[in-house]
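Read the structure below first, then the notes.
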Amino acid sequence: MPTQTAVRSVEDLNTTVVDADFHLTEGIEEIRPYVDGPMEKMLVGSSSYSGGVDPYPSSGDLHPSVVTGRTRVFNEEKLATPADVREGMDLLGIDRVSLDPGIQLALGMVHHDQVAAALATAYNEYLLDTFLNEDDALYGSAVVAPQRPDLAAEEIDDRADESSVAAVFLPSGGVNPPLGDRRYDPIYDACERADLPLLLHNVSGGAITSFPIQHQAFGRHMPTHVVSHPMQHMVNLTHMLTTGVPERFPDLRIVFQEAGLGWVPYLVNRLDYEYYGQRQDAPVLKRPPSEYVDEQCYFTSQPVEGMDKPGYVAQVIRLMGGEHNLMFASDYPHHDFDHADDLLRQLTGEFDRKAIEAIFGGTATEVYRFR
């Protein structure tokens, strides 16, 4: 039985509470001024488009945030300054954040490869210039474009010495081919060299390129949102494992963000089942897939499904292998963000204090490169 704890709020924990997925709300208008060279002219567009070109594809979903205004983005209250970020941190009881992007979630679907790479560089300049040079509690993830792994590796090398860059962010929503393809190896190699974890984050609009027939048939945002985040992670993780990415890059730390928890034990157990039955289809692997996941893969908590079902969250965490590869994330300021204390209530009485502190900051402090 776990040691009972008297913890009522994350403020009572003896750890630096880390939010492993806290979003900025940048749009193309913030990024375009940082684009240099030939790509700058391409994004300005012709005189008939005086506002400039928006290169990010849209799925056309009527997202509930647009309709209800529950997300700060659509209230035109953007997270435009470090003070805005601090406001959200205070609301959630967070001591340190890893800032992830907004519109860059769709970067993997940008049609022009060089534009995508230029947008990644521009975003990183915007991030450093606007948020990361004034507050030592704010860290960021350097975005790279999957369309050009060679340029992505250069971008990682360029950001490796930035003390406030704690991770590499690869927008994985809609990426094709899946991330086990050898073309992405320069990205994984560069992450190892820089000692930076690789964050994989999907977007529901990624279904327009990952699952186009299903997206078209759904006809609504909700069913797309339910399945798109975990399905895209399942595809990429399965491909990465069966093509031997963790075997080839044993020091690579991979973080799967914003897909909830229940999909993880299902997929890992299914992978092991198939591996024992047909190892010839994953000849690079020297061990069962679950062992690579246990040692090199991490998962962020939001959105924690099943909080209304007693014991569900704790049981899923145990089925995942325990607390050592789970990190709290809020997904603030999106409409469905999770408060840290909501997750804490699910863990108190189920896990001892050491395990709880690992989930809320200890593991993230080991995985991310906080200086």
Side-chain angles (χ1 to χ4, degrees), residues 1-23 85-86 88-100 135-141 164 166-167 195-199 253-262 264-265 268 293-307 309-332 337-371:
M1 289 292 293
T3 302
Q4 297 296 315
T5 99
V7 177
R8 295 289 182 268
S9 169
V10 291
E11 295 179 356
D12 299 327
L13 295 175
N14 296 318
T15 190
T16 298
V17 178
V18 177
D19 190 335
D21 185 26
F22 187 111
H23 284 276
V85 174
R86 275 290 188 177
M89 293 172 64
D90 292 342
L91 171 69
L92 298 168
I94 302 302
D95 301 314
R96 180 180 293 162
V97 293
S98 172
L99 296 173
D100 289 335
D135 193 328
D136 59 8
L138 308 187
Y139 286 81
S141 50
S164 54
D195 190 29
L196 288 169
L198 180 69
L199 313 184
R253 308 186 297 281
I254 311 168
V255 180
F256 296 84
Q257 298 179 300
E258 199 178 312
L261 307 178
V264 180
V268 173
V293 172
D294 187 64
E295 293 178 7
Q296 292 180 244
C297 296
Y298 302 85
F299 306 90
T300 62
S301 59
Q302 196 278 339
V304 184
E305 78 281 358
M307 281 198 184
K309 296 177 173 61
Y312 170 84
V313 174
Q315 182 65 15
V316 170
I317 292 172
R318 293 187 181 103
L319 290 172
M320 290 173 61
E323 72 283 352
H324 68 280
N325 61 357
L326 174 63
M327 300 180 287
F328 167 74
S330 71
D331 193 39
Y332 185 87
F337 73 86
D338 289 343
H339 195 288
D341 285 344
D342 290 337
L343 177 59
L344 178 63
R345 281 190 285 272
Q346 302 293 321
L347 306 181
T348 300
E350 296 281 354
F351 297 93
D352 61 27
R353 193 182 186 106
K354 181 179 179 181
I356 292 173
E357 290 178 349
I359 291 170
F360 281 100
T363 298
T365 300
E366 294 177 0
V367 173
Y368 286 76
R369 195 189 66 179
F370 297 134
R371 293 176 174 175

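From a predicted model like this one, the values you see are computed outputs, not experimental measurements.
- Enclosure of atom CD in Glu11 is not indicated, since only 12 or fewer non-hydrogen atoms of other residues, nucleotides or ligands lie within 6.0 angstrom.
- Counting heavy atoms from C-beta outward, Glu258 and Phe299 have side chains that stay 4.5 Å or more apart.
- Of the candidates Asp21, Val17, Asp19, Val18, Asp19 is the only one forming a side chain to side chain contact (heavy atoms under 4.5 Å, CB included) with Val97.
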Report task. Go through the steps to decide whether Thr300 and Phe328 satisfy the test side chain to side chain contact (heavy atoms under 4.5 Å, CB included), and finish with yes or no. Result -> CA-CA 6 Å; Thr300 62; Phe328 167 74; over 6 Å; no
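- Within the model, atoms CG of Leu196 and CG of Leu199 stand 9.0 Å from one another, a figure rounded to the nearest 0.5 Å.
- Remark: the backbone N or O of His339 is not paired with any side-chain donor or acceptor of Ser330 at under 3.5 angstrom.
- Listed for the Glu305 side chain is a donor-acceptor partner under 3.5 Å among the backbone atoms of Leu261.
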Query raised in the report: What's the verdict on side chain to side chain contact (heavy atoms under 4.5 Å, CB included) for Phe351 and Glu357, showing C-alpha distance, side-chain angles and the deciding distance?
Result: CA-CA 10 Å; Phe351 297 93; Glu357 290 178 349; over 6 Å; no
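- The shortest distance between side-chain heavy atoms of Thr363 and Glu323 does not fall below 4.5 Å.
- Side-chain atoms of Val304 and Asp342, non-hydrogen and from C-beta on, never get closer than 4.5 Å to each other.
- Residues Leu138 and Val85 share a closest heavy-atom pair of CD2-CG1, 3.7 Å.
- The nearest pair of heavy atoms linking Gly93 to Val10 is O-CG2, 3.6 Å.
- A search for side chain to side chain donor-acceptor pair (under 3.5 Å) contacts involving Asp100 returns Ser141, Gln257, not counting sequence neighbours.
- The minimum heavy-atom distance between Arg86 and Ala137, with the atom names listed, is NH2-CB, 3.2 Å.
- Annotation: Phe370 is in aromatic contact with Tyr139 [ring centroid separation under 6.0 Å].
- Ring geometry for Phe337 against Tyr332 counts as perpendicular: the plane angle is over 60°, on a 0 to 90° scale with 30° as the lower cut.
- Val255 is listed as a side-chain neighbour of Val367, based on a closest heavy-atom distance under 4.5 Å.
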Query - CA sep, side-chain torsions, deciding dist, call: Leu319, Gln315, side chain to side chain contact (heavy atoms under 4.5 Å, CB included) - result: CA-CA 6 Å; Leu319 290 172; Gln315 182 65 15; 4.1 Å; yes
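- Using a 4.5 Å heavy-atom threshold, the side chains of Phe22 and Ser98 count as separate.
- Looking at every heavy atom in both residues, Arg253 comes nearest to Glu366 through NE-O, 4.4 Å.
- For the atom pair CG of Asn14 and NZ of Lys354, the computed distance is 13.5 Å after rounding to the nearest 0.5 Å.
- In this structure, CD1 in Ile356 is found 9.5 Å from CD in Glu350, a value given to the nearest 0.5 Å.
- The CD1 atom of Ile317 sits 8.5 Å away from atom OG of Ser301, with the distance rounded to the nearest 0.5 Å.
- Rounding to the nearest 0.5 Å gives a distance of 5.0 Å between CG of Leu326 and CE of Met320.
- Thr348 contributes a side-chain N or O that, together with a main-chain N or O of Leu344, makes up a donor-acceptor pair within less than 3.5 Å.
- In terms of heavy-atom proximity, Met327 sits nearest to Ala364 at SD-CA, 3.4 Å.
- The two atoms that bring Tyr312 and Gly262 nearest to each other are OH-CA, 4.0 Å, heavy atoms only.
- When atom types are taken as modelled, the side chain of Asp294 and the backbone of Gly321 share no donor-acceptor pair closer than 3.5 angstrom.
- Interatomic distance, OG1 of Thr15 versus CZ of Arg96, reported as 9.0 Å (0.5 Å rounding).
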